[in-house]
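Encoded as structure tokens, the structure appears first; notes follow it.
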Amino acid sequence: MVALLLLLCFFCLQLGAARDTITSSQYVKDPDAIVSAGNKFKLGFFSPVNSTNRYVGIWFSSFTPITRVWVANRNKPLNDSSGVMTISGDGNLVVLNGQKETLWSSNVSNGVSNSSARLMDDGNLVLRDIGSGNRLWESFQEPSDTMITNMRLTAKVRTGEKTLLSSWRSPSDPSIGTFSVGIDPVRIPQCFIWNHSHPIYRTGPWNGQVFIGIPGMNSVNINGFDIEQDGNGTFTLILNSANESYIGSFVLSYDGNFNELYWDYGKEEWVYVGRLPNDECDVYGKCGSFGICNAKYSPICSCMKGFEPKDADEWNSRNWTSGCVRRRPMQCERIQYGGEPGKEDGFLKLRTVKVPDFADRSLAVSEQTCRENCMNNCSCIAYAYYTGIRCMLWWENLTDIRKFPSGGADLYVRLAYSELDNRTTSMKVIIGLTVVVGAIISAICVFCMWRRIAHYRERKKRSMKILLDESMMQDDLNQAKLPLLSLPKLVAATNNFDIANKLGQGGFGPVYKGRLPDGQEIAVKRLSRASGQGLEEFMNEVVVISKLQHRNLVRLLGCCVEGEEKMLVYEYMPNKSLDAFLFDPLRKQLLDWNKRFDIVDGICRGLLYLHRDSRLKIIHRDLKASNILLDENLNPKISDFGMARIFGGNEDQANTIRVVGTYGYMSPEYAIQGRFSEKSDVFSFGVLLLEIASGRKNTSFYDCEQVSSLIGFAWKSWNEGNIGAIVDPVISNPSFEVEVFRCINIGLLCVQELARDRPTISTVISMLNSEIVDLPAPKQSAFAERFSYLDKESSEQNKQRYSINNVSITALEAR
Ligand SMILES: *[C@@H]1O[C@H](CO)[C@@H](O)[C@H](O)[C@H]1NC(C)=O
Ligand SMILES: *[C@@H]1O[C@H](CO)[C@@H](O)[C@H](O)[C@H]1NC(C)=O
Ligand SMILES: *[C@@H]1O[C@H](CO)[C@@H](O)[C@H](O)[C@H]1NC(C)=O
Ligand SMILES: *[C@@H]1O[C@H](CO)[C@@H](O)[C@H](O)[C@H]1NC(C)=O
Ligand SMILES: *[C@@H]1O[C@H](CO)[C@@H](O)[C@H](O)[C@H]1NC(C)=O
Ligand SMILES: *[C@@H]1O[C@H](CO)[C@@H](O)[C@H](O)[C@H]1NC(C)=O
Ligand SMILES: *[C@@H]1O[C@H](CO)[C@@H](O)[C@H](O)[C@H]1NC(C)=O
Ligand SMILES: *[C@@H]1O[C@H](CO)[C@@H](O)[C@H](O)[C@H]1NC(C)=O
Ligand SMILES: *[C@@H]1O[C@H](CO)[C@@H](O)[C@H](O)[C@H]1NC(C)=O
Ligand SMILES: *[C@@H]1O[C@H](CO)[C@@H](O)[C@H](O)[C@H]1NC(C)=O
């Protein structure tokens with residue numbers, strides 16, 4: 001009996017272990033199926049709803065209702081169940097009917113005789129040459145109506161060849177319908193939904209991170225679309241997934257909607273996320289030329305200011321297809337027709353819109369030059385300047401514009417002078433006044449807040465001392481599993497903390513060089529006995545760093561807690577810290593650009609490890625030149641984890657009452673509101689990057705009239721197009737110029753005012769390695785403008801404190 005059961009089980013297993021490959025001898029015959037190795041996808045025969053036709057398709061093996069991601073013989077159905085999918089004599093993957101007629105073929109022209117097809121775990125069916133292992137064909141290059149993770153849609157600029165998603169004709173007929181989705185690479189790449197060849201929806205241009213016509217689209221590579229471009233003018237739209245367990249799909253329905261869905265494991269069903277086009281205003285060219293669609297208005301279409309309906313009757317009967325025409329001719333047109341030239345044209349600003357189709361990219365580096373380029377050419381009728389794309393110009397009719405409540409871009413439309421509001425001067429006065437009053441009010445608010453927080457901190461510090469008693473500390477130390485070194489051993493190693501061995505002054509005490517009996521050189525950080533301050537930071541550092549190991553993080557070798565003495569022992573870095581090189585007129589010459597770039601790269605990798613790769617998520621909170629140590633080969637190592645904070649798995653941001661860090665390296669949201677996240681480290685990194693490229697300290701601009709910091713200086717020079725002024729003369733060399741400028745661009749992206757605009761450190765790495773080719777233009781940097789009131793006061797008071805460059809200070813104590 002038992003034996004019989006076992007035997008049955010054995011057969012079950014045999015049956016269960018389905019294969020995933022098709023060869024000429026192992027074909028798939030209706031109603032058999034093959035299953036991918038991880039049991040994620042299935043390939044077999046199916047009939048659509050309300051149809052008796054048979055098709056070969058691929059679907060998610062364990063999800064119901066069944067979602068087909070691919071259909072082979074979509075235009076030639078089988079009319080009975082005699083079909084097989086196999087490898088033909090010429091090596092192609094084919095679908096044959098009972099009469100051995102080929103209904104579908106992979107149709108690889110240079111057929112090889114011996115090949116096999118395998119269903120992969122991402123849903124891709126791959127045909128390979130058995131001999132060479134080369135991929136001959138894959139189902140991902142011949143998509144049906146569904147886009148899943150890792151799938152690619154390509155478009156070649158030169159030949160115009162495209163791979164498209166194409167809709168089914170109806171729910172019961174998978175044959176190629178009228179709708180398709182793909183990239184249009186001409187001009188600035190954007191995606192379209194077409195009905196036959198007419199566009200019915202447009203995403204707006206790709207700026208390197210998002211489509212700017214889809215407000216709220218998440219940026220960069222996380223469960224979403226990305227566009228890659230190779231050197232041969234091939235653009236590829238990829239659906240990425242950062243999270244393996246997130247299963248999303250985009251399906252082009254038979255009626256032309258592009259639907260986004262994801263699989264909810266809890267409810268075991270597909271959840272609808274959204275669709276494109278999403279409303280009437282999304283429909284391509286709804287309001288005709290020079291019309292604007294606003295879903296909040298009724299009727300939804302209106303003409304832009306300075307334009308009127310081409311055909312008023314038609315327009316009023318809500319047929320907007322003819323669009324609008326200009327009311328008063330532009331200056332150029334007036335000249336052209338021999339009229340009085342009159343006053344120069346101006347631009348009307350349309351805020352937060354989806355920019356029109358047919359944008360041309362211009363090379364202008366600033367918004368100002370973009371405007372001038374447009375103004376100086378009579379055929380230019382509008383411009384916009386957007387991060388990542390920079391200058392866009394329009395020559396033809398402006399079509400497919402819609403207004404968004406927020407997001408989108410600002411569009412400037414050329415109008416005759418008489419059409420514009422000419423109250424700009426009075427506006428300037430009003431704006432100026434508002435800014436001044438606003439600045440004073442915020443300064444007062446910030447002042448009050450600092451006072452309150454400082455007060456709170458004082459109280460908290462007092463209680464902290466009592467809390468942190470010896471026994472708790474012992475627990476932490478045991479938990480950290482760190483070697484304990486005895487006090488006499490360290491006294492001997494450092495020659496009784498001889499002043500001659502002092503390396504410098506760390507945040508909470510001096511650092512000494514030492515040598516252990518076995519010859520190993522060490523650096524010993526000794527907590528100041530007197531103050532009792534820094535205890536918390538000490539324990540924090542022990543706990544944080546003992547768990548980390550990375551080439552670009554300084555290694556903690558052990559610690560010592562005996563009586564009043566608390567010490568941390570690190571590996572010794574013969575070249576001290578980065579600031580000792582960077583800001584020293586002689587030693588900085590040892591750091592050529594290649595070396596500096598390596599240092600930047602190393603710091604990035606260390607940071608990435610902290611933010612992403614280690615088991616914990618760690619925000620350093622005090623990244624600065626003096627905390628970057630250099631080993632004998634000038635490899636950088638991040639040090640000083642006294643301020644670092646460990647985050648839980650899904651925490652992204654935290655608030656702190658203790659704002660600790662170093663003046664000049666703190667992001668605004670952290671310095672002012674105590675909010676810190678990965679992005680505040682990115683900010684500090686940005687400052688560091690600018691310092692490395694310029695060889696100047698961020699805080700070396702106190703006495704300067706126009707700018708208050710290196711950030712301000714870099715931002716100003718950048719906007720003036722004078723990027724060379726930022727570069728350290730020591731490394732200025734035409735052959736590195738592109739790379740240095742690129743780094744400055746990245747630096748400015750990292751110090752943008754708004755945390756959400758700053759890239760993550762992994763994006764920074766892609767930018768540094770030129771994986772991301774076109775960098776966005778930076779938006780307004782934090783602290784770029786001189787807040788005269790606040791700045792004077794704080795710099796007067798704090799000059800002395802901050803001039804000791806190695807000392808970490810608490811911003812709150814600075815009051
Ligand atoms: C299938 O046919 C039935 C009966 O004609 C109809 O009610 C149903 O809507 C059809 N389903 C689809 C998806 O077309
Ligand atoms: C199915 O199609 C084949 C040709 O592809 C045809 O010869 C055959 O008669 C058809 N059978 C039925 C039942 O329609
Ligand atoms: C196979 O490819 C050739 C050219 O590569 C093309 O002319 C032919 O129409 C294709 N056949 C099918 C059935 O797709
Ligand atoms: C094809 O390759 C398989 C596996 O390598 C081999 O067993 C078979 O003999 C080959 N067939 C031909 C026709 O080369
Ligand atoms: C698609 O085009 C066809 C004719 O070309 C038209 O009848 C149909 O209404 C269009 N559908 C959409 C959604 O535009
Ligand atoms: C561009 O095309 C050439 C020739 O087809 C090829 O050798 C090269 O690898 C391609 N470059 C890229 C970046 O794909
Ligand atoms: C990955 O996706 C799953 C399912 O959507 C979700 O439960 C999980 O929290 C995600 N993990 C991360 C790290 O985002
Ligand atoms: C709208 O106007 C255009 C151009 O005059 C015309 O061709 C079209 O038929 C009109 N559409 C409707 C629905 O009346
Ligand atoms: C204006 O721009 C158009 C389109 O780029 C170009 O053909 C034309 O030469 C330009 N005209 C002038 C005066 O620069
Ligand atoms: C632009 O719009 C005008 C008025 O609607 C029309 O006469 C002209 O043909 C359009 N030009 C282009 C290039 O679409």
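Residue numbers start at 1 and run along the sequence shown. Start at 1 and go down the list; that is how both ligands and their atoms are numbered.
- Checked against salt bridge (charged side-chain N to carboxylate O under 4.0 Å, His left out), Arg187 has the following partners two or more places apart in sequence or in another chain: Asp360, Glu396.
- Side-chain atoms of Asn75 come within 3.5 Å of backbone atoms of Ile176 as a donor-acceptor pair (strictly under, hydrogens ignored).
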For Arg74 and Asp145, run salt bridge (charged side-chain N to carboxylate O under 4.0 Å, His left out): C-alpha distance rounded to whole Å, both residues' side-chain angles, the deciding distance at 0.1 Å, then the answer. CA-CA 11 Å; Arg74 51 191 304 196; Asp145 66 340; over 6 Å; no
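- In terms of modelled atom types and a separation under 3.5 Å, the side chain of Thr102 and the main chain of Leu96 share no donor-acceptor contact.
- A donor-acceptor pair under 3.5 Å is absent between the side-chain atoms of Asp357 and the main chain of Asp400, judged by distance alone.
- Judged by distance alone, the side chain of Lys296 and the main-chain N or O of Lys403 form no donor-acceptor pair under 3.5 Å.
- On the SG-SG cut-off of under 2.5 Å, Cys293 and Cys301 do not qualify.
- Annotation: Asn376 places no N or O atom under 3.5 Å from an N or O atom of ligand 9; distance criterion only.
- Each of the atoms 13 (C) of ligand 1 lies under 4.0 Å from some heavy atom of Val49.
- Contact residues for ligand 5 (protein heavy atom closer than 4.0 angstrom to any ligand atom): Phe179, Asn195, His196, Ile200.
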